[in-house]
Amino acid sequence: MANTKEIKDRIKSVQDTKKITNAMYLIASTKMRRARAELEGTRPYFNALQGEIKRVFRTAGHVDNKYFFPREGVQRLDGASACLVITADKGLAGAYNQNVIKEAERLRAECAPMKLFVVGEYGRRYFQQKGIPVAHSFLYTAQNPTLHRAREIGALLLGLYNRGEIDKLFVVYTDMKNSLVTEARSTRLLPFHHLQFATPPEDEPEVTRPFEFTPSITAVLDNMMESYIHGFIYGALVDSFCSEQNARMTAMDAANRNAQDLLDDLSLRYNRVRQAAITQEITEVSSGVKALRQSKAQR
């Protein structure tokens with residue numbers, strides 16, 4: 001059985017670890033709240049942009065666009081594809097990274113050949129260790145996503161799509177539905193389907209005059225769709241970042257509870273060992289006194 005010094009050293013080690021996990025919990029919660037606030041600040045613009053795209057399709061009649069499937073004909077999905085995989089820069093976040101990688105591997109098996117574009121150090125290292133080629137790795141960190149970074153990513157991917165190097169674009173990210181539920185999901189970002197913009201908003205005003213598009217409806221729609229795609233990528237980056245922090249909060253909270261349980265168990269063992277040592281000392285003193293009395297009596 002360990003002595004009191006060994007148990008005290010173990011207690012101090014667990015207490016130091018608990019301080020670290022508690023600090024990581026607080027940092028993750030702060031980062032998540034800040035990122036959610038930034039997303040909520042930009043969401044009204046992209047919601048309004050989506051509403052305007054819907055109005056264009058409902059008021060301009062039959063219009064085709066390179067970012068959409070044709071209204072008629074076969075919608076082929078067997079061409080070259082690209083996938084943006086959003087992971088974290090580090091672990092200690094439960095199964096967050098593993099779920100994203102699993103979803104990316106599933107999509108890659110279904111849509112081969114596929115070019116991979118990775119955000120996050122964890123994803124870069126995983127594909128490198130597996131010997132899976134990555135078309136482009138965005139070297140900036142996955143922490144603190146910004147709209148500027150989303151536009152850089154979107155510009156690169158849209159360039160490939162406009163040049164005809166890819167026919168489909170997927171995004172694999174983690175959707176944070178609420179503070180308790182997160183889900184790794186894959187979404188086909190390009191091409192869009194007309195039905196995605198068919199439902200009118202409830203508060204949309206009635207159109208009494210025909211729209212005039214300058215310089216053309218194609219140019220206007222191209223510009224709107226590019227902004228919408230940048231907004232979607234930005235939302236995916238923020239959702240993934242918030243999901244990572246939420247997963248880290250959950251993991252650190254579990255670590256704190258486990259550390260406290262371990263501290264309670266070590267404290268109990270320490271008290272037992274200390275009590276046993278005290279009892280042994282009392283017994284030894286009592287035995288010594290008794291031996292002295294017997295020695296005096298014999299004399």
query: So which heavy atom on S81 is nearest to which on P113, and how close?
result: OG-O, 3.3 Å
query: Taking atom CG of L157 and atom CD1 of I166, what is their separation to the nearest 0.5 Å?
result: 6.0 Å
task: Might you work through the side-chain contact (heavy atoms from CB on, under 4.5 Å) test for L158 and E226, ending with a clear yes or no?
output: CA-CA 8 Å; L158 283 172; E226 289 178 2; 3.8 Å; yes
T30 side chain vs L26 backbone, donor-acceptor pair below 3.5 Å: yes
query: Has K8 got more than 12 heavy atoms of other residues, nucleotides or ligands less than 6.0 Å from its NZ?
result: no
task: Treating Ile, Leu, Val, Met, Phe, Trp and Tyr as nodes and any side-chain heavy-atom pair under 4.5 angstrom as an edge, say whether I20 and Y25 lie in one connected cluster.
output: yes
message: Under a 3.5 Å threshold, yes or no: a donor from one side chain and an acceptor from the other, between N256 and Q260?
response: no
message: So F170 and M114, do their side chains get closer than 4.5 Å, heavy atoms only?
response: yes
- request: For I101 and G123, work out which heavy atoms get closest and say how close.
  value: CD1-CA, 4.3 Å
- prompt: Taking it one step at a time, do E165 and K115 satisfy side-chain contact (heavy atoms from CB on, under 4.5 Å)?
  reply: CA-CA 10 Å; E165 298 182 23; K115 296 181 179 180; 3.9 Å; yes
- request: Go through L84 and I233 one step at a time and tell me if the side-chain contact (heavy atoms from CB on, under 4.5 Å) criterion holds.
  value: CA-CA 9 Å; L84 175 64; I233 294 175; 4.1 Å; yes
Salt-bridge contact E183-R185 (side-chain N to carboxylate O under 4.0 Å): no
- request: With rounding to the nearest 0.5 Å, note down the distance linking CZ in F241 to CG in N246.
  value: 12.0 Å
statement: Closest heavy-atom pair, I11 versus Y270, reported as atoms and distance to 0.1 Å, is CD1-CB, 4.4 Å
message: Whether the side chain of N271 engages the backbone of S267 through a donor-acceptor N/O pair (distance < 3.5 Å, no angle test) should be reported.
response: yes
Spacing of CG belonging to L262 relative to CZ belonging to R10, to within rounding of 0.5 Å: 5.0 Å
field: Short side-chain donor-acceptor distance under 3.5 Å, N97 and T87
entry: no
- request: Considering only NZ, NE, NH1 and NH2 on the basic side and carboxylate oxygens on the acidic side, decide whether E121 and R124 come within less than 4.0 Å.
  value: yes
- prompt: Any side-chain heavy-atom pair from E244 and T174 closer than 4.5 angstrom?
  reply: no
query: Which value, rounded to the nearest 0.5 Å, describes the distance between Y96 atom OH and T250 atom OG1?
result: 13.0 Å
Student check: side-chain heavy atoms of Q245 and R33 closer than 4.5 Å: no
field: Value rounded to 0.5 Å, distance of OG1 in T187 from OH in Y173
entry: 4.0 Å
- prompt: What is the distance from atom CG of N258 to atom OG1 of T17, rounded to the nearest 0.5 Å?
  reply: 12.0 Å
Ion pair check, D261 and R257, cut-off under 4.0 Å: no
query: Closest heavy-atom contact between G120 and D89?
result: CA-OD1, 3.5 Å
field: Within-4.5 Å side-chain heavy-atom neighbours: Y122 and Q98
entry: yes
field: Heavy-atom side-chain proximity of E105 to Y126 below 4.5 angstrom
entry: yes
field: Check: S186/R106 side-chain N/O donor and acceptor closer than 3.5 Å
entry: yes
- prompt: Given side chains that start at C-beta, do those of F117 and I153 come closer than 4.5 Å, heavy atoms only?
  reply: no
field: Closest contact, heavy atoms only, K18 versus L263
entry: CD-CD1, 4.3 Å
Under-4.0 Å salt bridge between R149 and E152: no
field: Heavy-atom check, side chain of L107 versus side chain of V172, under 4.5 Å
entry: yes
message: Quick check: closest heavy atoms across A28 and M249, and the distance to 0.1 Å?
response: CB-CG, 3.6 Å
message: What I'd like to find out is whether the side chain of L116 reaches to under 4.5 Å of the side chain of R108, using heavy atoms alone.
response: yes
